[in-house]
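In the text below, chain A, chain B and the rest are named by the order of the sequence lines, each starting its count at 1. Please read all numbers here as calculations on a predicted model, not as lab measurements.
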Number of protein chains: 2
Amino acid sequence: MLQFTKRTEYALIALVHMVDREGEVTSVRELCERYPLPKRLLAEVLKDLSHAGLVVSHRGAQGGYSLAAPAERLTLGAIIGAIEGVPTLTNCDALALSRDGGCEVHPVCPIRSPIERVRENIWRLFEATSLRSLVPDPRAGRTEVIQRLRESLATGAPH
Amino acid sequence: MLQFTKRTEYALIALVHMVDREGEVTSVRELCERYPLPKRLLAEVLKDLSHAGLVVSHRGAQGGYSLAAPAERLTLGAIIGAIEGVPTLTNCDALALSRDGGCEVHPVCPIRSPIERVRENIWRLFEATSLRSLVPDPRAGRTEVIQRLRESLATGAPH
DNA sequence: CAATATAGCACTGAAATGGTGCTATATGGC
DNA sequence: GCCATATAGCACCATTTCAGTGCTATATTG
């Protein structure tokens, strides 16, 4: 439905939380004490992020997770990709990857390339958005949040 | 899964088809003869577009659908909205709209506004993309089509 | 050794999605 | 008027995806 999954949402909450604690380890328990999220599911999400190399796991007591790279270098695209996989928007791609001849509409499909452009634009937006940029500046108050909203409005949409 | 539904895909195929035939009516049968799409489902999609006022229906023999406005004024956002509804990306919105107190994470949710910005950007992209801009230029020959394909290839898209 | 915490794997229930069945109604041509 | 065509409406089923959980194993600290 063109919507982030809860897993991705949880991943973002966890990662944003960790940005303020770079260098430290954050456990799932700690996260669940702070945010009312299902512990087991959050654990699964963190595991996925670990597999994707976005966070580093530390097992055992006093263990947890920490960012695998500075928040500037972790992109929204990488995060979404780790949890949901690279979005394909149309089914053309998925079908093209299967062996059964690919998308049967394709030879006469009038929207494929154009829709690809849209997909590219969205994906570029994701990859251009760093985890750092998703974290509200702690020094800024409510004004800053409004400022951010104004900025995004002024940026306009790529086309 | 952050992906267009097939319904939206079919809608786009139908609409793009109709752009080249502005003023004429296009029936579901006609569309299915040209593209290998499930007829009944495509009919449902066209009905949705009709309800949303994006196309005008003409009942009876020789009937069909035609664009309700010039292709320049029909936006991708309106099309997606008609078929899938306005995307909410996070569940915050949907929950916020319910009466049961809204998203329980919200009071301490560190990603809400930032993710909102991302959503806004995507939605703006959709609304800034006209149906016309999705239609390959008819004055361009096969070369142009190949060019488009080359572009998508160059950017890493399969096919 | 015990407590803590991640790793791995499988599974269930609910919701969204793709697709279909059936009937009613409107229009055009014979 | 009658028939073929084509949309309108509504409900329904099957598959897939997704949220969330159960259980066991392994690693680390004290």
Enquirer: Under 4.0 Å between a side-chain N or O of A:Arg7 and OP1 or OP2 of D:dC18?
Expert: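 It does not, given that no N or O in the side chain of A:Arg7 lies less than 4.0 Å from OP1 or OP2 of D:dC18.
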Enquirer: Considering only heavy atoms from C-beta outward, does the side chain of B:Phe4 approach that of A:Arg119 to under 4.5 Å?
Expert: no
Enquirer: I'd like to know if B:Glu9 pairs up with B:Lys6 as an ion pair, taking the criterion as any Lys NZ or Arg NE/NH1/NH2 lying under 4.0 Å from an Asp or Glu carboxylate oxygen.
Expert: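 Salt bridge between B:Glu9 and B:Lys6, a charged N being under 4.0 Å from a carboxylate O: no.
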Enquirer: Could a donor-acceptor pair under 3.5 angstrom be found where the side chain of A:Arg59 meets the base of D:dT28?
Expert: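 Absent.
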Enquirer: Report the distance from atom CD of B:Glu33 to atom C1' of D:dT5, rounded to the nearest whole Å.
Expert: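 B:Glu33 atom CD is separated from D:dT5 atom C1' by 12 Å.
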Enquirer: Would you mind telling me which of D:dT21, D:dA6, C:dG19 lies closest to the side-chain atoms of B:Ser27?
Expert: D:dA6
Enquirer: Please determine whether a side-chain nitrogen of the Lys or Arg among A:Glu44 and A:Lys39 lies less than 4.0 Å from a carboxylate oxygen of the Asp or Glu.
Expert: no
Enquirer: To the side chain of A:Ala61, which of C:dA3, D:dA8, C:dT6 is closest?
Expert: C:dA3
Enquirer: Can you list the steps and then say if B:Tyr10 with B:Leu37 is a side chain to side chain contact (heavy atoms under 4.5 Å, CB included)?
Expert: CA-CA 8 Å; B:Tyr10 297 164; B:Leu37 305 177; 3.6 Å; yes
Enquirer: Is it the case that the base of C:dC9 and the side chain of A:Glu44 share a donor-acceptor contact (distance under 3.5 Å, atom types as modelled)?
Expert: yes
Enquirer: Quick one: B:Tyr65 OH to D:dT7 C1', roughly how many Å, whole number?
Expert: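 It works out to 5 Å between those atoms.
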Enquirer: Does D:dT7 have its OP1 or OP2 closer than 4.0 Å to a side-chain nitrogen or oxygen of B:Ser50?
Expert: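 For B:Ser50, the contact criterion (side-chain N or O under 4.0 Å from OP1 or OP2 of D:dT7) is not met.
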Enquirer: Applying a 4.0 Å non-hydrogen cut-off, can you work out what B:Arg29 is touching in the nucleic acid: base, sugar-phosphate, or nothing?
Expert: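 It contacts sugar-phosphate atoms only.
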Enquirer: With distance as the sole criterion, do the side chain of B:Lys6 and the base of C:dG19 form a donor-acceptor contact below 3.5 Å?
Expert: no
Enquirer: For B:Tyr10 and C:dG19, give me the distance from atom OH to atom P, rounded to whole Å.
Expert: 4 Å
Enquirer: Out of C:dG8, D:dT29, C:dT6, which nucleotide sits closest to the side chain of A:Gln62?
Expert: D:dT29
Enquirer: Look at the side chain of B:Lys47 and decide which nucleotide, out of C:dG18, D:dG20, D:dC10, has an atom nearest to it.
Expert: D:dC10
Enquirer: Is a side-chain N or O of A:Arg34 found less than 3.5 angstrom from the main chain of A:Glu30, in a donor-acceptor match?
Expert: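 No.
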Enquirer: Give a yes/no on whether any side-chain N or O of A:His51 is located under 4.0 angstrom from OP1 or OP2 of C:dG8.
Expert: yes
